[in-house]
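Counting starts at 1 for both ligands and their atoms, following the listed order.
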Amino acid sequence: MALIVQKFGGSSVADVERVMNVAAIVTDTYRKGNDVVVVVSAQGDTTDDLIEKAAEINPKASKREMDMLLSAGEQMSIALLAMAIEKLGCPVVSLLGWQAGMTTDSAYSKARIKKIDTSRIIAELDRHNIVVVAGFQGLNKYDDITTLGRGGSDTSAVAIAAAMHADRCQIFTDVEGVFTADPRKIPDAIKLKEITYDEMLELATLGAQVLNNRSVEMAKKYNVELEVLSSLTKVPGTVVKEVTKMEKMLIRGVTKDTDVARIAVTNIPNTPGIAFKLFAKLAQKKINVGIILQSVGRDGTKDITFTVSKDNAEAAMEAVGNIFSIEESNIACDTNVAKVSVVGAGMESHPGTASRMFEALYEQNINIEMIATSEIKISVLIDAADADKAVEAVHKAFFEERK
Ligand code: ADP
Ligand code: ASP
Ligand code: MG
């Protein structure tokens with residue numbers, strides 16, 4: 001007998017038929033003698049629909065009230081799934097985040113899990129119940145509902161698996177695993193049997209939506225082995241784990257991220273401490289920075305260009321304006337950009353990865369505006385209009401011979 005955590009994303013519970021399908025997977029696992037904790041997301045596009053509805057009433061609604069609203073999506077899906085499981089004849093209880101002991105910090109709309117008091121989940125499992133927990137939500141120290149940020153149910157599942165020392169954590173979704181690129185956009189994408197936490201973390205951070213990046217971070221920290229698999233077909237998925245012996249691949253995947261804004265600050269003094277002041281201010285405002293580029297300008301000045309997510313662009317512009325008393329014309333923001341990346345631990349020991357990527361872009365006449373690298377990734381910033389073409393060309397350059 002094992003303790004298994006199974007997470008089902010929004011598309012896996014989108015309609016009645018899919019809810020019944022999930023109930024069948026869960027009850028199968030239970031009937032094999034396992035303890036089962038299930039984490040579910042809101043059905044289909046429910047979260048997007050709720051966001052739209054809120055915007056009709058108040059586009060500047062407080063984050064507290066947004067969290068109160070959005071958490072309702074998961075409340076509906078846990079009850080519906082529990083009813084489906086009841087129908088299939090198994091004992092079940094549904095729990096909201098707070099009932100499952102999930103406490104978070106107070107950052108509404110992007111809260112971080114602080115602690116899980118597992119006593120209720122354990123008590124329910126002792127009563128032989130299947131436990132269905134609402135993903136994406138918790139409770140802060142003011143007893144307010146918080147949400148964990150888009151895609152946060154993955155993190156709920158991994159956190160519960162870690163806190164319960166689960167034997168397995170399965171992330172069921174609408175594709176058969178993690179692919180070398182988004183399989184909905186690149187039909188030739190190849191399903192990976194395995195991937196390391198570090199590679200998966202880069203892929204998730206750089207735009208592969210299949211797993212939320214915080215969930216991967218947490219899985220790595222607590223050594224929770226994840227399996228990403230389809231709720232619709234019964235085939236083995238992708239295992240995300242620590243490095244062991246894995247199939248050698250130079251590149252594990254290609255990603256696209258269009259949630260990027262580029263901010264250019266020009267003609268600032270070329271003196272020590274400028275970059276420190278700028279990025280300290282952004283850090284203070286909790287603005288995450290992606291690529292940074294500094295270049296020397298004319299007459300003792302320099303330019304600093306950096307990327308942030310689109311929703312942080314305005315705050316970043318404001319922060320920059322506040323530190324440097326520079327003219328507004330010297331701060332520019334461009335949101336028509338996209339970041340395309342290749343990720344793979346193999347590139348560390350293989351020269352020529354960057355040139356292969358840049359050649360593929362050159363052949364498509366795509367201009368590179370910024371470049372950033374780490375040991376296991378290369379990212380380029382390009383015009384958003386070129387992004388899909390770029391992913392296709394780069395994917396082809398690395399994977400064509402493997403078909
Ligand atoms: P869920 O509702 O199950 O959480 P998501 O929509 O969040 O599902 O994530 C699954 C989607 O991620 C897939 O439908 C796929 O289009 C997209 N995706 C993007 N990049 C990748 C990738 N490299 N491998 C697999 N899926 C990917
Ligand atoms: N329902 C939330 C969202 O759409 C959380 C999740 O799906 O993981 O982002
Ligand atoms: Mg998701």
Side-chain angles (χ1 to χ4, degrees), residues 6-14 18 21-22 38-52 66-67 69-78 97 109-111 113 133-138 145-159 170-193 195 199-216 226-233 237-238 240 251-259 340-344 387-388 391 394-395 398-399:
Q6 298 185 317
K7 180 257 169 180
F8 296 89
S11 47
S12 298
V13 290
R18 296 235 174 143
N21 170 59
V22 167
V38 185
V39 175
V40 253
S41 302
Q43 289 185 286
D45 297 328
T46 304
T47 310
D48 289 328
D49 295 345
L50 290 171
I51 291 172
E52 244 171 66
M66 283 305 290
D67 279 4
L69 179 68
L70 298 193
S71 63
E74 272 69 12
Q75 176 157 0
M76 285 171 61
S77 52
I78 53 166
S109 86
K110 51 176 179 217
I113 297 168
V133 180
F136 177 57
Q137 56 175 260
I145 306 278
T146 51
T147 66
L148 308 179
R150 298 307 303 268
S153 298
D154 296 335
T155 313
S156 309
V158 174
Q170 298 180 306
I171 309 286
F172 288 88
T173 184
D174 58 357
V175 288
E176 288 181 358
V178 180
F179 285 69
T180 51
D182 186 341
R184 293 187 191 287
K185 303 254 170 61
I186 306 288
D188 289 341
I190 302 157
K191 185 171 77 183
L192 301 167
K193 278 201 194 84
I195 185 168
E199 290 171 315
M200 191 62 233
L201 184 57
E202 289 286 12
L203 284 182
T205 306
L206 295 167
Q209 174 200 353
V210 63
L211 278 178
N212 175 282
N213 61 350
R214 277 193 189 167
S215 73
V216 184
L226 300 179
E227 186 185 1
V228 179
L229 68 174
S230 168
S231 61
L232 302 166
T233 54
T238 302
V240 187
I251 293 300
R252 204 71 74 175
V254 185
T255 60
K256 169 186 91 166
D257 183 5
T258 49
D259 181 19
V340 170
S341 311
V342 294
V343 173
D388 287 330
V391 172
V394 172
H395 188 270
F398 286 100
F399 293 105

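For ligand 2, the 4.0 Å heavy-atom shell takes in S41, A42, T47, E74, F136, R150, G151, G152, S153, ordered by chain and residue number.
Close approach to P183 involves these atoms of ligand 1, each under 4.0 Å from a residue heavy atom: 24 (N), 25 (C), 26 (N), 27 (C). For ligand 1 and K7, the ligand atoms under 4.0 Å from any heavy atom of the residue are 4 (O). Shown in contact with G177 at under 4.0 Å from a heavy atom are these atoms of ligand 1, numbered in order with element: 24 (N), 25 (C). Shown in contact with V178 at under 4.0 Å from a heavy atom are these atoms of ligand 1, numbered in order with element: 24 (N). Taking every heavy atom of A208 and a limit of under 4.0 angstrom, the matching atoms of ligand 1 come to 20 (N), 23 (N). In summary, the atoms of ligand 1 found under 4.0 Å from a heavy atom of S11, numbered by their order in the structure, are 2 (O).
A side-chain donor-acceptor contact under 3.5 Å links R18 to the backbone of S11. Side-chain atoms of T255 never come within 3.5 Å of backbone atoms of L203 as a donor-acceptor pair (strictly under, hydrogens ignored). Put simply, the side chain of S215 never gets that close to the backbone of D154: no donor and acceptor are under 3.5 Å apart. One N or O on the side chain of N21 and one on the backbone of S231 form a donor-acceptor pair closer than 3.5 Å.
Within the 4.5 Å cutoff, the side chain of S12 has no heavy atoms near those of the K7 side chain. Side-chain contact between Q137 and D67: absent, with no pair of heavy atoms (C-beta onward) separated by less than 4.5 Å. No side-chain heavy atom of D182 sits less than 4.5 Å from a side-chain heavy atom of I186. K185 places a side-chain heavy atom less than 4.5 Å from the side chain of K256.
The ring-ring contact (aromatic ring centres under 6.0 Å, His included) search around F172 returns F8, not counting sequence neighbours.
Closest to atom 11 (C) of ligand 1, if we only count protein heavy atoms, is D174 OD1, 3.9 Å. Here the protein heavy atom with the shortest distance to atom 3 (O) of ligand 1 is T173 OG1, 2.7 Å. Of the protein's non-hydrogen atoms, Q209 NE2, 3.7 Å is the one closest to atom 5 (P) of ligand 1. In this structure, the protein non-hydrogen atom closest to atom 23 (N) of ligand 1 is F179 O, 3.0 Å. For atom 21 (C) of ligand 1, the closest non-hydrogen atom on the protein side is D182 CA, 3.7 Å. Looking at atom 2 (O) of ligand 1, its nearest protein heavy atom turns out to be G10 N, 3.1 Å.
If you run side chain to side chain contact (heavy atoms under 4.5 Å, CB included) between M200 and each of T205, V210, T238, only V210 comes through.
The residue from N212, V210, L206 that puts a heavy atom closest to atom 27 (C) of ligand 1 is V210.
Ligand 1 has no atom lying under 4.0 Å from any heavy atom of S12.
Remark: M76 CE is loosely packed, at most 12 non-hydrogen atoms of other residues, nucleotides or ligands lying under 6.0 Å away.
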Point to revise | Audit row: N213, L201, side chain to side chain contact (heavy atoms under 4.5 Å, CB included) steps and yes/no | key: CA-CA 6 Å; N213 61 350; L201 184 57; 4.1 Å; yes

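Considering all non-hydrogen atoms of both residues, F399 and R252 come closest at CZ-C, 4.3 Å.
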